[in-house]
There are 2 protein chains.
Amino acid sequence: MKIKLVIFEDNHQLRKSLEILLNTSESYVVIGNFPHVSKAKEIILDLRPHLVILDIDMPGKDGITAIPVIKEIDPEIFILMYTQFEDDEKIFRSLCAGADGYILKKTSPLKLILALDEVRKGGAPMSPAIARKVLASFHTSVKDKINYNLTSRETEVLKYLIKGCSVKYIASELYIAYETCRSHLKNIYTKLHVNCGKEAIAKVLAEKIEL
Amino acid sequence: MKIKLVIFEDNHQLRKSLEILLNTSESYVVIGNFPHVSKAKEIILDLRPHLVILDIDMPGKDGITAIPVIKEIDPEIFILMYTQFEDDEKIFRSLCAGADGYILKKTSPLKLILALDEVRKGGAPMSPAIARKVLASFHTSVKDKINYNLTSRETEVLKYLIKGCSVKYIASELYIAYETCRSHLKNIYTKLHVNCGKEAIAKVLAEKIEL
DNA sequence: TAATTTATCCCCCTTATAGGGGATTGTGCA
DNA sequence: TGCACAATCCCCTATAAGGGGGATAAATTA
């Protein structure tokens, strides 16, 4: 059973030669080949490929816009970006959107096939520069975050709160009175600009506020 | 000005040959060479290298444990993991901890230097398989998550809850009675094995449960 | 030294939430 | 045809949580 490919590539010549190249391989078969992604949804729903090769720079709709569309239809469909220039920003946006890797158009036919194999096996081919960007946004996510000026005690209380603990429990854990704990919470709510514990938890966890 | 390197590597022979190799290069100079990471903090504070080459498998303390220690001293110090086996899990843990890339011990001297250059330039050398793992955990597509069997309506209610909304507000947003909303919440709490909304929010957001 | 901050505690009052029931309607599946 | 289930709504009760006060001792800062 060959892996079914759909290609979106605006350059007519390149599109054709890609098709010929891939169809001569023993593992892949091109079942669709289109110059733009405006009908991507219908095409994917209709053809149900295993893997999509997606050019980034295309007239009209950007290839990146098609990523969420395809992944929503079936997250199992692999998406390999195919770009002429090593534009870090675009490739990074592609990967954020859910692409499974990318290859440059200057890549040799052999390496193209290898990259496809890699994607199929669950790998995500990408250059070190891009990998670094992904890594960076992966752990140091948002460093430019607001300082809410919580005191050390308030921070302690908040740490328990975001675990879902009750006020009573937090108080007992910190060996302070229930009312003291509530005082801290009141101050926390004021400082975080929220009105209740639920909002505080949601804010801290959703905004990845470090404590 | 040469890039100052510190190496942590338990194999004596390898450590020595690494040092000789790197010292013959025109860009790098090895200023420290140690068989274990137990004194990593003191060493880094003292020597202040630009880049650290870190073996993962070492007797006593694992090389990975040294990553946060080094990064806390100076996040600008690059860390390149140096491993014998392509152990996905360990490499992944290393990258999560803050490593800037990794190379295998079987890597040729030329490629080792290239990888160091890559790290210096801000790249993060890694294999496609690792890149995929990073990508995956990056957009939280943890597939092996528990299915709590929430109904579509319960999911809707929960989506509002984790934004910190009150029961009354959720009810009004969904055009249902307050008591209906509460019924859904009761069922949600049962299914998630929690006792209150705060716990539910904490659980969903902390465990990155997809809704 | 005086003012400020922090952490601690207490009161009252109101509202929100949780837990325990129970009931009705429609839908889909066996 | 009947059953299970999802979604809707209601009641009662107890506890938890939030908002508004205020107070004190210790430490820090101006």
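Both backbone and side-chain heavy atoms feed into the values below; hydrogens, waters and symmetry mates do not. As the structure is a prediction and not an experimental result, all values here were calculated from the model. Lettering of chains follows the sequences in order, A, B, ..., and the numbering in each one begins at 1.
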Report yes or no: does [X] contribute a side-chain atom to a donor-acceptor pair with the main-chain N or O of [Y] at less than 3.5 Å?
X	Y	answer
A/H184	A/E154	no
A/Y169	A/G164	no
A/K61	A/A66	no
A/Y189	A/G197	yes

For atom [atom1] of [X] and atom [atom2] of [N], their distance in whole Å:
X	N	atom1	atom2	answer
A/L185	D/dG20	CG	P	15 Å
B/N149	D/dA7	CG	P	13 Å
B/E154	D/dC5	CD	P	13 Å

_For residues 165-182 of chain A, which residue pairs pass the salt bridge (charged side-chain N to carboxylate O under 4.0 Å, His left out) check, not counting sequence neighbours?_
A/E179-A/R182

*The single option from B/T65, B/V69, B/I64 passing side-chain contact (heavy atoms from CB on, under 4.5 Å) against B/I67*: B/I64

Decide yes or no for [X] and [Y]: does some side-chain heavy atom of the first lie under 4.5 Å from some side-chain heavy atom of the second?
X	Y	value
A/I170	A/L161	yes
A/V29	A/N23	yes
B/K4	B/L47	no
B/C181	B/L174	no
B/K39	B/F34	no
B/Y82	B/L18	yes

*Hey, what do you get for OG (B/S94) to CG (B/D100), rounding to the nearest 0.5 Å?*
11.0 Å

*Which value, rounded to the nearest 0.5 Å, describes the distance between A/N33 atom CG and A/K16 atom NZ?*
5.5 Å

*chain A footprint on DNA chain C, 5' to 3' - any atom under 4.0 Å from a heavy atom*: C/dT6 to C/dT17

*To the nearest 10 degrees, how far apart in direction are the end axes of the helix from C/dT1-D/dA30 to C/dA30-D/dT1, each fit to five base pairs?*
50°

*Verify the neighbour count for atom NZ of A/K111: are there more than 12 heavy atoms of other residues, nucleotides or ligands below 6.0 Å?*
no

*List in numerical order all residues of residues 191-201 of chain A for which some heavy atom is under 4.0 Å away from an atom belonging to DNA chain C.*
A/K198

*asked:* Which residues in residues 169-183 of chain B have a heavy atom closer than 4.0 Å to any atom of DNA chain C?
replied: B/Y178, B/R182

*Would you kindly check whether a donor in the side chain of A/K186 faces an acceptor in the base of D/dG18, or vice versa, at under 3.5 angstrom?*
no

*Is there a side-chain polar atom (N or O) of A/S166 under 4.0 Å from OP1 or OP2 of D/dT15?*
no

*Taking only side-chain nitrogens and oxygens of B/H184, does any of them come within less than 4.0 Å of OP1 or OP2 of D/dT8?*
yes

*For nucleotides 25-30 of chain D, read 5' to 3', which letter fits each nucleotide if B means a protein heavy atom sits under 4.0 Å from the base, S means only the sugar-phosphate is that close, and - means neither?*
------

*So, A/D57 and A/K90, do they make that salt bridge, N to O below 4.0 Å?*
yes

